[in-house]
Amino acid sequence: MRPALTGFSKDELTALVQEWDQPPFRAGQILDWIWKKKVGAIEEMTNLPAALRDKLAAEYRPHALEHTHTQGSADTTRKFLFKLHDGRYVESVLIPANPALYGEKSDRRTLCVSSQVGCAYGCKFCASGLAGFSRNLDPSEIAGQVLAAERLSGERVDNLVFMGMGEPFANFDHLMAAIEIITAEWGLHLGARHLTISTSGLVPRIRDLADHPQQIRLAISLHGATDEVRNKIMPVNKKWNTAALFEALDYWNSRKKQHLTLEYILIQDVNDDLEQARILAGHARRLTAKVNLIPYNKVEGLDWVRPSETRCKAFRDILKNAGVSATLRLEKGHDIDAACGQLRLKQETEEGIIEAPVKAR
Ligand code: SAH
Ligand code: SF4
């Protein structure tokens with residue numbers, strides 16, 4: 001398969017055009033067509049010599065993703081399904097920050113980006129982990145999701161969260177190469193502060209990101225305040241337990257100014273005990289972290305249930321009363337399968353690429 005141009009850094013593309021006896025500025029022109037003018041085809045790069053266009057088109061594809069499906073519509077949460085060159089699927093979700101109440105456009109947009117096809121970490125509540133791990137996305141497929149979302153919506157994406165399918169830290173090198181493209185002036189030129197990586201707790205990579213010079217934000221999928229609860233639902237905790245995780249988060253705080261976010265899905269009778277809220281409050285205070293409470297989104301094939309609204313609010317209030325900044329997202333997105341991984345799971349199951357998930361509970 002011809003590689004896609006959306007995976008190239010400026011240095012790599014400069015080396016390529018020089019190999020073809022072209023002046024280095026051609027690399028800048030190509031990047032401008034891809035990332036700024038957002039063209040669909042190499043033939044549209046009209047300031048390149050025809051011979052260079054032909055050679056490029058013979059050996060490279062402009063884009064890595066083929067858009068096959070959109071759920072939702074403008075000013076609501078929109079979910080894009082993309083087909084990859086090997087027939088697999090990934091999805092990205094575009095979320096307006098302030099959904100318009102009276103028909104005006106929302107002012108900020110966040111894109112939820114996938115990093116892998118499937119996930120090897122097998123959290124018991126998650127659609128992405130259900131069918132296991134297939135493969136890493138390459139930088140052209142990761143950065144390409146942002147470009148595709150902008151081309152499809154005709155809107156600028158303001159914030160990125162790496163909270164789609166996959167464990168971004170298990171695909172660290174491709175992730176960081178994609179982030180270089182996304183943040184570069186010649187690329188999408190999004191500020192690192194507008195990027196948040198979410199991890200289930202890969203301790204060595206948390207430390208690596210803490211040492212990284214860019215001010216990228218970090219969110220931790222905690223989902224349990226103790227080893228006892230975390231071990232039940234997140235196998236990753238057997239490798240790096242909460243003590244190891246919190247030690248890495250202390251290291252993060254010693255290196256970074258940005259506050260951490262702790263994500264906590266609320267699942268009835270699994271982790272919604274109010275004692276968990278009290279312990280969580282202690283951790284969050286010590287780490288000066290924000291807590292995002294997310295009532296569990298139904299996943300087809302799994303029997304977990306979201307707690308009552310009363311219980312969710314009681315859980316939040318314990319955090320708030322302890323002086324922790326906590327948000328409870330009683331979000332609407334789940335009516336279009338907003339928990340990432342579900343649209344792809346449906347598509348790939350229908351096509352017989354993967355087997356229908358078996359109930360884990
Ligand atoms: N692997 C990374 C990033 C992808 S998951 C991680 O785990 O952090 C992104 C977020 O979606 C995680 O917090 C994850 O726990 C959450 N999530 C997974 N399944 C969910 C569900 N059914 N309902 C609500 N959130 C879910
Ligand atoms: Fe993987 Fe994250 Fe889902 Fe866990 S929650 S299975 S780490 S994608």
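Atoms within a ligand are numbered from 1 in the order they appear, just like the ligands themselves.
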Participant: Under the 3.5 angstrom rule, does the side chain of R2 hit a backbone N or O of A57 as a donor-acceptor pair?
Facilitator: yes

Participant: Tell me if the CZ atom of R286 is crowded by more than 12 foreign heavy atoms within 6.0 Å.
Facilitator: yes

Participant: Check each of G132, P235, S200, S114 against atom 7 (S) of ligand 2 and report the one with the nearest heavy atom.
Facilitator: S200

Participant: Would you mind finding which of N297, I294, I265 brings a heavy atom closest to atom 20 (C) of ligand 1?
Facilitator: I265

Participant: Relative to the heavy atoms of S200, which atoms of ligand 1 are at a distance of less than 4.0 Å?
Facilitator: 6 (C), 7 (O), 8 (O)

Participant: Examine G164 against ligand 1 and note whether any of their N/O atoms are separated by less than 3.5 Å.
Facilitator: no

Participant: Provide the number and element of each atom of ligand 1 under 4.0 Å from a heavy atom of C126.
Facilitator: 18 (C), 19 (N)

Participant: When you measure from atom 2 (Fe) of ligand 2 to every protein heavy atom, which one gives the shortest distance, and what is it?
Facilitator: G166 O, 4.4 Å

Participant: If we ignore angles and hydrogens, is there a donor and acceptor under 3.5 Å between the side chains of S114 and E91?
Facilitator: no

Participant: Does even one non-hydrogen atom of G166 get within less than 4.0 Å of ligand 1?
Facilitator: yes

Participant: Within a distance under 4.0 Å of any heavy atom of G122, pick out the atoms of ligand 2 and give their elements.
Facilitator: 6 (S)

Participant: Can you tell me if S221 contacts ligand 2 (heavy atom of the residue under 4.0 Å from the ligand)?
Facilitator: no

Participant: Does E150 come within less than 4.0 Å of K38, counting only side-chain N to carboxylate O?
Facilitator: yes

Participant: Taking L260's backbone N and O only, do any of them form a donor-acceptor pair with K256's side chain (distance below 3.5 Å, no angle check)?
Facilitator: no

Participant: For ligand 1, is any non-hydrogen atom under 4.0 Å from Y121's backbone (N, CA, C, O), its side chain (CB onward), both, or neither?
Facilitator: neither

Participant: Between F133 and Y121 (judged by ring centroids, cut-off 6.0 Å), do the two rings come close enough to count as a pair?
Facilitator: no

Participant: Starting from atom 3 (Fe) of ligand 2, find the nearest protein heavy-atom neighbour and note its residue, name and distance.
Facilitator: C126 SG, 2.4 Å

Participant: Of all the non-hydrogen atoms in the protein, which one sits nearest to atom 1 (Fe) of ligand 2, and at what distance?
Facilitator: C119 SG, 2.3 Å

Participant: Tell me if the aromatic rings of F80 and H69 count as close, with their centers under 6.0 Å from one another.
Facilitator: no

Participant: Cut-off 3.5 Å, side chains only: do S140 and D138 have a donor facing an acceptor?
Facilitator: yes

Participant: Under a 3.5 Å cutoff, is there a donor and acceptor pairing between the side chains of N292 and T261?
Facilitator: no

Participant: List ligand 1 atoms under 4.0 Å from S221, heavy atoms only on the residue side.
Facilitator: 6 (C), 7 (O), 8 (O), 12 (C), 13 (O), 15 (O)

Participant: Which atoms from ligand 1 have a heavy atom of T199 less than 4.0 Å away?
Facilitator: 6 (C), 8 (O)

Participant: Looking at atom 4 (Fe) of ligand 2, is there an N, O or S atom belonging to C123 that lies under 2.8 Å away from it?
Facilitator: yes

Participant: Treating E167 as the side-chain partner and S200 as the backbone partner, does any N or O pair qualify as donor plus acceptor under 3.5 Å?
Facilitator: yes

Participant: Could you tell me which atoms of ligand 2, counted from 1 in the order shown, lie closer than 4.0 angstrom to a heavy atom of Y121?
Facilitator: 7 (S)

Participant: Kindly say whether H212 contributes a backbone atom to a donor-acceptor pair with the side chain of Q214 at under 3.5 angstrom?
Facilitator: no

Participant: Minimum heavy-atom separation for M163 and T196, please, with both atom names.
Facilitator: CE-CG2, 4.3 Å

Participant: Would you indicate which of M234, E263, H223 comes nearest to atom 14 (C) of ligand 1 when only heavy atoms are counted?
Facilitator: H223

Participant: Should the proximity of I220 to ligand 1, defined as any heavy atom under 4.0 Å, be assigned to the side chain, the backbone, both, or neither?
Facilitator: neither

Participant: Which of the numbered atoms in ligand 1 are under 4.0 angstrom from any heavy atom belonging to V299?
Facilitator: 22 (N)

